Amino acid sequence: MQRPGLLGLLLVLSLLALGCPIRWERITLNHQIGAEDVSFIEPGRTTFAQVLSKLGVPDQLKDSEIGPIAQYDFLDVKEFKVDLLSGLPLLLPAVAVVPSSYRQLELEGGRVGSDHFRVFFDSNWIAQGYAFEVHSRPTEYVLWPF
Amino acid sequence: MGRNNDSSRVGMRVIASMVLVTVLWTVGTVTGCAFVRGKYGDQFDPADVESIKKGVSTRTEVAARLGAPDRIIEVNEHEIFQYYHYDMKSGTVLFFSRTNIKGQDLYVFFNKDGVVTDVAFGKPKPPPKFQFWPFGD
């Protein structure tokens, strides 16, 4: 292998061995529920059983003064991380004696998606309404957090 | 002469292949590639759930069959046993990491006498996938 290629390969390997200075991470909890998934709910008519058959068993059941609340939890987190100082020990080997957690300069950026959908029932388990708690913009990776 | 050149090229290809395999293996092991699976709670056995009879089974029988509930809640004047189970699969390869988590819940409703009035148990969700590519769906 030619020397520049070998040096480049060693550089890449060394950077990777320092613990992945760049990372795209994603965490997904359950399936996303969208407006079209819940359009079948008709306040005053749709029953608890019908909601269960379409959306599945809720993640939480809560009580309220009006009646029960079925809550579905879902989450989509996208995050981009880069450690700008991860290559420092390659330039200044003495720095390697400092624990890595003390020589990090991380930029992190990302966005969390909407995370709850709730159906409100009356005491007879008839849906009276529904709501998304936070219907934020779509999740996305953010390379520059400023 | 030509035969020497051919054998030299083959030798170079073998060396290049070995270097590539070594690099991939090193990258794969040194950078912390990982596939992790975690579970919280026991998966529900449909036979256990079907054994719960509305109007017949009692609180004690349900607890004996399914174990102690993860939560006991009171909703709409019903005492409810909630059981839940989480399945997590996570993959990390090089710069990419993806974690998928799915939850499954079971609710058993009781009346004031401690007898089952309803069971909410949907069809099991498909298990989460092992993925490491964090883009797309």
Side-chain angles (χ1 to χ4, degrees), chain A residues 1 5-6 8-10 12-32 48-49 51-82 110 121-125 139-141, chain B residues 12 15-16 18-20 22-24 26-33 44 71 73-78 80 82-84 86-107 109 118-126 128-129 131-137:
Chain A
M1 190 178 280
L6 187 64
L9 180 65
L10 284 175
V12 169
L13 280 178
S14 307
L15 274 172
L16 291 172
L18 290 168
C20 283
I22 302 170
R23 182 166 283 194
W24 284 266
E25 289 183 347
R26 185 170 181 180
I27 300 172
T28 308
L29 169 66
N30 294 330
H31 280 300
Q32 296 277 308
F48 182 61
V51 172
L52 290 188
S53 69
K54 295 270 188 182
L55 299 181
V57 180
D59 297 286
Q60 291 188 55
L61 274 178
K62 297 176 176 181
D63 209 3
S64 74
E65 287 180 7
I66 303 162
I69 301 170
Q71 178 173 309
Y72 293 85
D73 300 328
F74 51 96
L75 192 69
D76 192 24
V77 181
K78 290 179 180 174
E79 199 166 63
F80 172 74
K81 289 181 186 176
V82 57
F121 296 92
D122 64 11
S123 57
N124 296 315
W125 296 91
T139 59
E140 59 184 47
Y141 295 104
Chain B
M12 288 295 285
I15 291 171
M18 288 172 65
V19 167
L20 186 65
T22 308
V23 168
L24 289 175
T26 309
V27 167
T29 53
V30 170
T31 58
C33 292
F44 311 124
R71 288 176 70 202
I73 48 181
E74 196 168 320
V75 174
N76 203 20
E77 297 179 356
H78 284 276
I80 301 171
Q82 181 183 3
Y83 296 87
Y84 47 80
Y86 284 96
D87 196 357
M88 182 274 290
K89 289 181 182 172
S90 181
T92 302
V93 173
L94 296 177
F95 309 113
F96 309 110
S97 170
R98 184 155 185 178
T99 301
N100 292 320
I101 306 167
K102 278 198 180 164
Q104 188 88 44
D105 293 81
L106 164 67
Y107 296 93
F109 296 66
D118 211 345
V119 178
F121 177 60
K123 59 182 178 187
K125 296 174 189 171
K129 294 178 186 169
Q131 293 176 303
F132 70 87
W133 189 246
F135 306 101
D137 288 334

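Not measured: the values here are computed from a predicted model. A, B, ... follow the sequence lines: proteins, then strands. Residue 1 opens every chain.
Proximity to chain B (any heavy atom under 4.5 Å) is restricted, for Leu52(A), to the side chain, taken from C-beta onward. Proximity to chain A (any heavy atom under 4.5 Å) is shown, for Gln131(B), by neither the backbone nor the side chain. Within the 4.5 angstrom heavy-atom criterion, no atom of Tyr84(B) approaches chain A.
With a 4.5 Å cut-off on side-chain heavy atoms, Thr99(B) and Glu25(A) do not count as touching. Annotation: side chain of Leu106(B) is not in contact with side chain of Val57(A) (no heavy-atom distance under 4.5 Å).
Looking only at distances, no side-chain donor or acceptor of Asp105(B) sits under 3.5 Å from a matching main-chain atom of Gln60(A). Although no hydrogens or angles enter the test, the distance criterion places a donor-acceptor pair under 3.5 Å between the side chain of Gln82(B) and the main chain of Asp59(A).
Tyr107(B) approaches Pro58(A) most closely through the heavy-atom pair OH-O, 3.0 Å. The shortest heavy-atom contact between Ser97(B) and Arg23(A) is CB-CD, 4.4 Å.
When the heavy atoms of residues 61-69 of chain A are compared with those of chain B, the residues falling under 4.5 Å are Leu61(A), Lys62(A), Asp63(A), Pro68(A), listed by number.
Going from atom CZ of Phe135(B) over to atom NZ of Lys78(A) covers 8.5 Å, rounded to the nearest 0.5 Å. One distance of note links CG of Asn30(A) with CD of Gln104(B); it measures 9.0 Å at 0.5 Å rounding. Taking CZ of Arg98(B) as the reference point, atom CD1 of Ile27(A) lies at 11.0 Å (rounded to 0.5 Å). Expressed to the nearest 0.5 Å, how far CZ of Phe48(A) lies from CZ of Phe109(B) amounts to 4.5 Å.
Around the NE2 atom of His78(B), the shell of radius 6.0 Å holds more than 12 heavy atoms that belong to other residues, nucleotides or ligands.
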